[in-house]
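Below is one structure; the comments refer to it alone.
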Number of protein chains: 2
Amino acid sequence: MSLEYILLGMLDQPASGYDLKNEFEQGTRYFWAAELSQIYPTLNRLEERGWLSSRTEASARGPERRVYKRTAKGEKELFQWVRSGPAMGTERFAYIGQLIYMSQLNDLDATREFLTRLRADLAERTQFLKSVHKAVEEIPGFPDALGEADFHNYLALHIGVETTAARLRACDACLRMVQRRLQREASHV
Amino acid sequence: MSLEYILLGMLDQPASGYDLKNEFEQGTRYFWAAELSQIYPTLNRLEERGWLSSRTEASARGPERRVYKRTAKGEKELFQWVRSGPAMGTERFAYIGQLIYMSQLNDLDATREFLTRLRADLAERTQFLKSVHKAVEEIPGFPDALGEADFHNYLALHIGVETTAARLRACDACLRMVQRRLQREASHV
DNA sequence: CCACGCATGTAATAGGTTACATGATTTA
DNA sequence: TAAATCATGTAACCTATTACATGCGTGG
């Protein structure tokens with residue numbers, strides 16, 4: 001289960017389930033999503049397994065917090081995972097299926113609309129990633145002075161930005177092709 | 001459940017569970033994966049729901065085949081799905097997490113190796129998609145003479161090719177950055 | 001006093017993987 | 001005769017989503 005390792009990776013600093021949920025919402029969500037209802041049982045399981053330890057502490061406001069810390073065993077498992085080679089191949093892209101099977105509608109205008117909506121989503125995503133990416137580039141002494149964490153984060157962001165930007169351009173190219181086809185259709189009626 | 005709709009989309013021609021599994025392995029797997037053990041119960045569920053009908057027929061070789069056909073109700077549901085707008089946002093990329101948390105190893109050489117492996121995977125994927133993409137471009141009369149199915153398939157392939165190609169280039173850029181950092185490390189010891 | 005943010009969880013359901021079970025026909 | 005391909009499925013388990021349940025403290 002990858003979520004276990006993602007949580008382990010986030011826990012280079014002690015944190016509560018609630019803290020981790022916020023981290024997911026800050027930026028992690030661009031490559032992984034998780035709900036509190038999945039995070040809490042996973043943290044408990046990880047503790048039972050001895051990969052994490054926890055202590056409760058008072059909160060500045062609100063109820064008691066349960067703060068988790070990665071154990072030596074947990075660190076070892078994380079390191080094994082990251083060294084085990086890229087975990088690829090199970091990605092699922094429902095919207096590509098939608099685009100393909102949309103051919104059966106025989107309604108090119110629906111395809112145009114679909115791509116327009118897709119374009120908007122991609123533009124937003126690209127925008128967000130670009131802004132974080134640029135923020136790292138503006139750290140004084142970039143890139144040599146970056147710490148390992150910032151450097152690796154930058155690498156991940158670079159892949160993310162380039163990928164979504166390319167997808168956005170491809171989406172625009174598709175829209176142009178659809179547009180051309182729609183015009184041809186109109187002129188042949 | 002998107003698999004239900006993917007199967008519905010594939011069933012513009014009658015087919016058996018086994019046929020559909022082959023289709024997944026031919027190319028569908030580049031945007032969606034499914035095992036027979038998931039396909040069979042899903043087809044049964046779809047039939048119970050009245051979205052598919054089935055009849056058994058003798059096989060050229062091997063046991064009897066159960067061939068599914070999409071019903072009018074099933075078509076209606078498929079069309080509703082494709083018209084409901086891009087289904088995005090739940091994609092999970094474990095390898096991005098691996099790359100990010102790899103910073104905690106403090107072993108840039110491991111990062112280099114990781115990216116090298118990632119590069120190989122991406123190159124293979126890009127190669128495959130490019131070959132199918134090119135095959136569509138070489139259909140006589142491209143693009144105007146393409147049927148709707150081929151045209152939409154081409155759009156999907158275009159997005160796929162451009163995305164993986166960009167990711168491949170980004171991966172190479174990352175490798176160069178790591179290389180530079182490794183050299184700097186060596187010269188500072 | 002009510003809404004919001006902090007904080008923890010459980011239960012029911014849905015979606016997906018791996019392993020197991022069975023048996024026919026063809027080709028080497 | 002052994003392996004590969006055709007063909008259908010079940011069972012156990014793991015992963016993830018949605019809905020529900022609870023309660024404190026602060027600011028408007």
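Here is how names work: the chains are called A, B, and so on, in the same order as the sequence lines, proteins then strands, and each is numbered from 1. If you're wondering where the values come from, they're calculated on a predicted model, not measured in any experiment.
- Residues from residues 14-24 of chain B placing a heavy atom under 4.0 Å of any atom in DNA chain C do not occur.
- By the neighbour-count criterion of 12 heavy atoms within 6.0 Å, atom CD of A:Glu113 is sparsely surrounded, having that number or fewer from other residues, nucleotides or ligands.
- Between A:Tyr5 and A:Trp81, the two ring planes are parallel [angle under 30°; tilted spans 30° to 60°].
- Cation-pi contact between A:Arg29 and A:Phe128: present, with separation from the ring centre below 6.0 Å and deviation from the ring axis of at most 45°.
- For the atom pair CG of B:Leu182 and CD of B:Gln179, the computed distance is 6.0 Å after rounding to the nearest 0.5 Å.
- Taking every side-chain heavy atom of A:Leu3 into account, D:dA16 is the closest of D:dC24, C:dT17, D:dA16.
- Here B:Ser59 does not reach the OP1 or OP2 of D:dC6: none of its side-chain N or O atoms lies under 4.0 Å away.
- Taking atom OH of residue B:Tyr40 and atom P of nucleotide C:dA19, one finds them 19 Å apart after rounding to whole Å.
- Following rounding to the nearest Å, B:Arg55 (CZ) and D:dA7 (C1') show an atom-to-atom distance of 16 Å.
- Of the charged side-chain nitrogens involved, none lies within less than 4.0 Å of a carboxylate oxygen, so that B:Arg70 and B:Glu77 do not count as a salt-bridged pair.
- The CD-C1' distance, from A:Glu35 to C:dA14, rounds to 15 Å in whole Å.
- Atom CG of B:Leu36 is separated from atom C1' of C:dC20 by 14 Å (rounded to the nearest Å).
- Each of D:dA16, C:dG15, D:dT18 was ranked by its minimum atom distance to the side chain of A:Trp32; first place goes to D:dA16.
- Whole-Å rounding puts the B:Glu57 CD to D:dA7 P distance at 9 Å.
- Spacing between atom CD1 of B:Ile39 and atom C1' of C:dG16 amounts to 12 Å, rounded to whole angstrom units.
- Closest-nucleotide positions on DNA chain D for B:Pro63 and A:Ala60 were compared, and the one nearer the 5' end corresponds to B:Pro63.
- Between C:dT17 and B:Gln38, a contact under 4.0 Å exists linking OP1 or OP2 to a side-chain N or O.
- Computed from coordinates, the A:Glu47 CD to C:dG9 C1' distance equals 15 Å when rounded to whole Å.
- Between the side chain of B:Glu23 and the backbone N or O of B:Thr28 there is no donor-acceptor pair closer than 3.5 Å.
- If you find the closest nucleotide of DNA chain D to B:Pro41 and to B:Glu64, the one lying nearer the 5' end belongs to B:Glu64.
- Between B:Phe93 and A:Phe93, the ring planes are tilted. Angles from 30° to 60° get that label.
- The base of D:dT18 is paired with the side chain of A:Ser37 by a donor and an acceptor separated by under 3.5 Å.
- Residue A:Arg92 has no polar side-chain atom (N or O) positioned under 4.0 Å from OP1 or OP2 of C:dG15.
- No N or O donor and acceptor, one from the side chain of A:Thr42 and one from the base of D:dT15, sit under 3.5 Å apart.
- One finds a side-chain N or O of B:Arg65 lying less than 4.0 angstrom from the OP1 or OP2 phosphate oxygen of D:dA7.
- Residue contacts shown for B:Arg45 are absent, as no nucleic acid heavy atom lies under 4.0 Å away.
- The CD atom of B:Glu91 sits 17 Å away from the C1' atom of D:dT15 (whole-angstrom rounding).
- In A:Glu137, the CD atom is crowded: over 12 heavy atoms of neighbouring residues, nucleotides or ligands sit closer than 6.0 Å.
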